[in-house]
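Quantities reported herein were computed from a predicted structural model and do not represent experimental measurements.
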Protein chains: 2
Amino acid sequence: MAARKAVEKELSREMIIDVAHDLFVEDGYQHTSMRKIAKVLGYSHGAIYYHFKNKAELFYAMVEQDFAMINAEIDQLMKLDIEREQKLEELLLGFIRFGLTYPNHYEIMFLTKDKDLQYYATNAPDQSYHNFATTIATLTDHQLEVKKIWSIFLMLHGFVAHYCRTGYSFDDLQSAVQTHVQLIMNILKD
Amino acid sequence: MAARKAVEKELSREMIIDVAHDLFVEDGYQHTSMRKIAKVLGYSHGAIYYHFKNKAELFYAMVEQDFAMINAEIDQLMKLDIEREQKLEELLLGFIRFGLTYPNHYEIMFLTKDKDLQYYATNAPDQSYHNFATTIATLTDHQLEVKKIWSIFLMLHGFVAHYCRTGYSFDDLQSAVQTHVQLIMNILKD
DNA sequence: TCTAGAATTGACCAGTGGTAAATTAATAAG
DNA sequence: CTTATTAATTTACCACTGGTCAATTCTAGA
């Protein structure tokens, strides 16, 4: 009944993630089906379920990679030889840039309500936040209350969460980003 | 083939909205099916499509009612005989309270990416924001740039957008709300 | 009483995520 | 070179979804 692929290259998690990445970014989580991913790959949808337990796990595996990026970016930023205040500003800008560059990832990781997704998608955002928070604490000499850091995170989050849906790029929003980041910087100066 | 309902009460948009309301609030948009709504009503799912073009339109009709509430609340607030600063604070608190009280509505209206939903869900949030913005402008004697008002809105939005998903109530979050609103109030004082 | 039209049903469609048995291909052992 | 084992893949299937539409039933008006 079956007619297995003529070898050449076996299906791998990486191959699936690559294709899924494009589709998820293009169409979002809900509008990307396992069958479509399989079709693009030239395999049947059942094959994907051999490599991933379900759709949520596939998505999570994919998005985890991209979240590693934002952490790497923060680390790199901290090494730069610039003033403290400038580092802070770059940190805020970097967060927004990340969110607008990967709106679909950001959406799923930080603002989905879907239960099966949330089951998988908790580690990565928590880690990213932790990294963000400790960096801010360091850059402000631990003078800033933890609660306030959290509020500042939510302020950034609000910006990204909104513009995520609109399709605007980071560059399109220069002016709005400026205003937003400036207001937050003022808070940090007190 | 068919066996139409024995009259008594004909199905109406109001009846559908009432039932849909409970289910949407309980399970969210994605996990509420037209068939389930129909089942609770005791009708077939086809009947709903006679009264509403599709799922998105039904949801929008429902959620529009609730958004009228937040506008009414703002109007009422403005009539109170309290100090300006206190009004401002109450406005910020009111927005957050609304979002946490109706998390599913808030989610759909302010942070869904679903295309068919967004087609319907644009008026209500825009109106609510407009009302919010002009109220802030009034309460600050129009000394605040429009851009900054928008940023402040996004800061509130960030708070609600995050906690929307968690199931915490407004009262649960007293402390976090306080911090957040205080930080924003500081911006408004400059 | 007859009829036009409004309201309702249910079969149907194409699609979904997910499962599992059957099948194939590669591999290791003899 | 066979043969048994096992890993990888297909495919039929399940229960579900949003949505359409012809057939039906009921109601109201003449």
request  = Could you tell me which residues satisfy side-chain hydrogen bond (donor to acceptor under 3.5 Å, both in side chains) with A:Asp141, sequence neighbours excluded, listed by chain and number?
outcome  = A:Arg84
Non-neighbouring partners of B:Lys189 that pass salt bridge (charged side-chain N to carboxylate O under 4.0 Å, His left out), sequence neighbours left out = B:Glu85
message = Can you see if the side chain of B:His45 gets near the phosphate of D:dT20 - specifically, an N or O under 4.0 Å from OP1 or OP2?
response = no
ask   = At under 4.0 Å between heavy atoms, what does B:Thr32 touch on the DNA or RNA strands: base, sugar-phosphate, or nothing?
value = sugar-phosphate
message = Check this one for me: any side-chain N or O of B:Tyr50 less than 4.0 Å away from OP1 or OP2 of C:dT8?
response = no
note = Rounded to whole Å, CD of A:Glu10 lies from C1' of C:dT24 at a distance of 12 Å
request  = Take the protein atom CD of B:Gln30 and the nucleotide atom C1' of D:dG18, then report the distance between them rounded to whole Å.
outcome  = 11 Å
ask   = From D:dA8, C:dT8, D:dG19, pick the nucleotide closest to the side chain of B:Leu11?
value = C:dT8
request  = Kindly state whether the ring of B:Tyr129 and the ring of B:His157 have centres lying under 6.0 angstrom apart.
outcome  = no
query = Within the structure, does a side-chain N or O atom of B:His31 lie under 4.0 Å from either OP1 or OP2 of D:dT17?
reply = no
Phosphate-side-chain proximity, B:Ser33 and D:dT17, N/O vs OP1/OP2 below 4.0 Å = yes
ask   = Is a side-chain donor or acceptor of A:Lys87 paired with a backbone partner of A:Met78 at a separation under 3.5 angstrom?
value = yes
task = Name all residues meeting the side-chain hydrogen bond (donor to acceptor under 3.5 Å, both in side chains) criterion together with B:Lys39; count only those two or more places apart in sequence or in a different chain, and write none if there are none.
result = none
query = In whole angstrom, what separates B:Lys53's NZ from D:dC21's C1'?
reply = 17 Å
task = Rounded to the nearest angstrom, tell me the gap between atom NZ in A:Lys39 and atom P in C:dT16.
result = 9 Å
query = Considering the terminal five base pairs at each end of the helix from C:dT1-D:dA30 to C:dG30-D:dC1, what angle separates the two local helix axes, rounded to 10°?
reply = 20°
message = Taking the minimum atom-to-atom distance to the side chain of B:Arg35, which one of D:dT9, D:dT20, C:dC12 wins?
response = C:dC12
query = To the nearest Å, how far apart are A:Tyr49 OH and C:dG18 C1'?
reply = 5 Å
ask   = Nearest to the side chain of A:Ser44, which nucleotide is it out of C:dG18, C:dT9, D:dT10?
value = D:dT10
message = Rounded to whole Å, how long is the line connecting atom OH of B:Tyr43 with atom P of C:dA7?
response = 11 Å
request  = Please report, rounded to the nearest Å, how far the C1' atom of C:dA14 is from the CE atom of A:Met34.
outcome  = 19 Å
task = Please list, chain by chain and in numerical order, all residues satisfying side chain to side chain contact (heavy atoms under 4.5 Å, CB included) with B:Tyr168, sequence neighbours excluded.
result = B:Tyr163, B:Thr166, B:Asp172, B:Leu173
ask   = How close or far is atom C1' of C:dG18 from atom CD1 of A:Ile37, stated in whole angstroms?
value = 14 Å
key: Test side chain to side chain contact (heavy atoms under 4.5 Å, CB included) applied to B:Val40 - qualifying residues, sequence neighbours left out   = B:Val19, B:Leu23
